Amino acid sequence: MSEAIPSRSRLTELDALRGIGALCVLIFHYSTRFHELFPQAAHVPFSFPGGNYRVLLFFTISGFAIFFTLDRIGSIRDFAVNRFARLYPAYLAAMLLTLSIEYLASATQLLIGPEAILANFTMLQGFAFLPEVDGAYWTLTVEIAFYACMITLWKGIGLKRLEPVLALWLVVRWLYALSPDMPERIVMLLVLRYVPFFVIGMLTYRVWSGQRSWKQQCPYAALALLSVVTMESWDVAVMACILLAGFAALIAGRLHVVAVRPLIWMGGISYSFYLIHQHVGFVVMLRMADAGWSPWVAFVAAFLVALILGTAINRLVERPAGEAILNWWKRHRIKRDARAAMVASQA
């Protein structure tokens with residue numbers, strides 16, 4: 001029997017972790033990444049290396065949160081509509097706004113070709129090995145591949161015996177390490193570079209939901225860590241250990257310290273904020289550098305612009321459009337079920 005766990009109510013700490021991750025990614029992009037791309041421009045006198053560490057937090061959160069969707073859907077179409085409503089409206093708004101700002105500012109170093117722009121409208125540009133409108137979008141390719149894997153598991157095998165499947169997934173990752181000639185598209189579709197971090201999130205969710213105990217999960221958690229230790233650098237391995245310990249603390253109710261209002265609020269807008277922050281922020285900092293402003297002022301200005309635009313997209317597009325799509329789908333299902341019931345009653 002599973003050990004006692006806290007209430008299953010919404011984890012506000014999870015939103016706070018999203019907020020922390022979004023802020024850390026922004027600092028990395030506005031310091032380290034900006035200087036890498038524009039060495040001639042004035043920049044803040046510090047570096048924030050390891051931007052992927054913060055992205056690994058997002059992937060772990062996704063592994064945990066995927067069940068919030070899987071536990072309430074009835075079909076693959078339900079899942080597809082749910083994910084479309086969650087991701088696409090904000091993505092489309094952020095992409096169009098980013099393109100507009102880049103063209104108005106003549107930011108030629110950030111612009112991509114028309115073929116790649118068209119591909120970006122599908123959100124599938126990464127699978128075609130085409131550049132993104134904004135470099136931050138690369139994580140969406142990973143997320144979409146993860147969704148495809150999870151809905152395949154949900155429909156084809158079921159989730160009752162999920163852990164052995166996760167172990168097999170990690171074994172396939174080792175095969176990838178031993179087979180450097182494995183086609184890149186297969187590596188992408190199976191998210192083999194990042195699967196241990198999704199697995200950490202999934203394992204901890206199963207404990208939090210009462211389906212498994214830590215005693216049952218420990219071998220699989222050790223396998224996930226071993227996968228990272230044997231295939232990644234020491235710092236990424238340390239990050240995997242931190243994430244596992246952090247999510248164990250999360251579900252044990254020991255991360256209340258991060259659940260402060262600013263971080264929770266930031267987590268609420270983190271998706272829209274993440275989508276809009278990078279290239280738009282670069283344009284702001286470049287223009288202010290050209291005008292002779294202090295790089296610190298430019299940094300803060302870029303952050304404020306990203307915060308305002310991210311909030312606007314969240315409030316005006318992400319939430320209302322997502323709710324409208326889900327409500328439309330709910331009405332569609334009710335009508336479809338009513339027609340099916342009528343046909344059955346007449347048979």
Side-chain angles (χ1 to χ4, degrees), residues 18-19 21-38 41 43 48 51-59 62 83-84 86-146 188 194 266 269-289 298-299 301-314 316-318 321:
R18 287 192 180 100
L23 290 173
C24 287
V25 169
L26 176 139
I27 295 171
F28 165 72
H29 284 154
Y30 286 6
S31 59
T32 307
R33 188 62 177 152
F34 179 75
H35 184 46
E36 290 172 351
L37 291 176
F38 308 101
H43 58 88
F48 195 56
N52 275 356
Y53 299 165
R54 272 60 70 174
V55 173
L56 298 179
L57 169 59
F58 287 142
F59 293 156
S62 291
R83 293 296 83 194
F84 178 87
R86 172 72 180 90
L87 298 180
Y88 194 75
Y91 169 82
L92 181 61
M95 183 182 69
L96 292 174
L97 186 55
T98 298
L99 282 171
S100 300
I101 291 172
E102 288 175 347
Y103 275 98
L104 288 172
S106 300
T108 55
Q109 189 170 339
L110 298 174
L111 293 169
I112 61 176
E115 182 184 67
I117 291 175
L118 289 175
N120 272 252
F121 277 92
T122 69
M123 292 186 77
L124 302 176
Q125 63 278 355
F127 298 105
F129 306 113
L130 291 170
E132 293 89 1
V133 167
D134 187 303
Y137 298 172
W138 73 268
T139 59
L140 296 178
T141 299
V142 179
E143 293 281 355
I144 291 170
F146 173 64
M188 294 173 65
Y194 304 104
M266 191 72 208
I269 68 162
S270 59
Y271 177 58
S272 293
F273 177 81
Y274 176 82
L275 291 173
I276 200 64
H277 83 277
Q278 185 175 215
H279 281 199
V280 170
F282 288 170
V283 170
V284 171
M285 289 191 290
L286 285 171
R287 291 296 165 263
M288 294 191 72
F299 185 99
F303 170 72
L304 292 176
V305 168
L307 196 64
I308 292 168
L309 293 179
T311 303
I313 293 171
N314 174 261
L316 301 177
V317 179
E318 181 183 349

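On a predicted model such as this, the values are computed, not experimentally measured, just so you know.
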Report yes if the side chains of [X] and [Y] come closer than 4.5 Å at any heavy-atom pair, otherwise no.
X    : Y    : result
F273 : N314 : no
V317 : L97  : no
Y194 : V55  : no

Subject >> Y30 ring center near F34 ring center (under 6.0 Å) >> reply: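 No, the ring of Y30 stays outside the 6.0 Å limit from the ring of F34, centre to centre.
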Starting at [atom1] of [X], measure out to [atom2] of [Y] and round the result to the nearest 0.5 Å.
X    : Y    : atom1 : atom2 : value
L307 : L23  : CG    : CG    : 8.5 Å
L99  : D134 : CG    : CG    : 9.5 Å
F129 : M188 : CZ    : CE    : 5.0 Å
F282 : R287 : CZ    : CZ    : 13.5 Å
H29  : H277 : NE2   : NE2   : 4.5 Å
F121 : Y88  : CZ    : OH    : 6.5 Å

Original post:
Is the CD atom of E36 crowded by more than 12 outside heavy atoms at less than 6.0 Å?
Top reply: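 Enclosed: over 12 neighbouring heavy atoms sit under 6.0 Å from CD of E36.
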Closest approach of [X] to [Y] (non-hydrogen atoms, all atoms of both residues):
X    : Y    : value
A301 : M288 : CB-SD, 3.4 Å
E143 : S62  : OE2-OG, 2.7 Å
A119 : Q125 : O-OE1, 3.5 Å
A302 : G281 : CB-O, 3.6 Å
L275 : A94  : CB-CB, 3.6 Å
E132 : Y137 : CG-CB, 3.6 Å

**OP:** Determine, stepwise, if the pair V25 / T139 fulfils side chain to side chain contact (heavy atoms under 4.5 Å, CB included).
**Re:** CA-CA 12 Å; V25 169; T139 59; over 6 Å; no
Subject >> NZ or CZ of R86 within 45° of Y271 ring axis and under 6.0 Å >> reply: yes
Would you say the side-chain atoms of [X] pair up with the backbone N or O of [Y], donor to acceptor, closer than 3.5 Å?
X    : Y    : result
N120 : P131 : yes
Q109 : L37  : yes
T32  : F48  : yes

**OP:** Start with the C-alpha distance between Y91 and L87, add both sets of side-chain angles, then the distance that settles side chain to side chain contact (heavy atoms under 4.5 Å, CB included), and finish with yes or no.
**Re:** CA-CA 6 Å; Y91 169 82; L87 298 180; 5.7 Å; no
**OP:** Specify whether H35 and H43 have parallel, tilted or perpendicular ring planes, treating 30° as the upper limit for parallel and 60° as the lower limit for perpendicular.
**Re:**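 H35 vs H43 ring planes: tilted.
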Original post:
Stepwise, does the side chain to side chain contact (heavy atoms under 4.5 Å, CB included) test hold for I144 with L124?
Top reply: CA-CA 8 Å; I144 291 170; L124 302 176; 4.3 Å; yes
Original post:
What's the verdict on side chain to side chain contact (heavy atoms under 4.5 Å, CB included) for Y274 and F58, showing C-alpha distance, side-chain angles and the deciding distance?
Top reply: CA-CA 11 Å; Y274 176 82; F58 287 142; 4.2 Å; yes
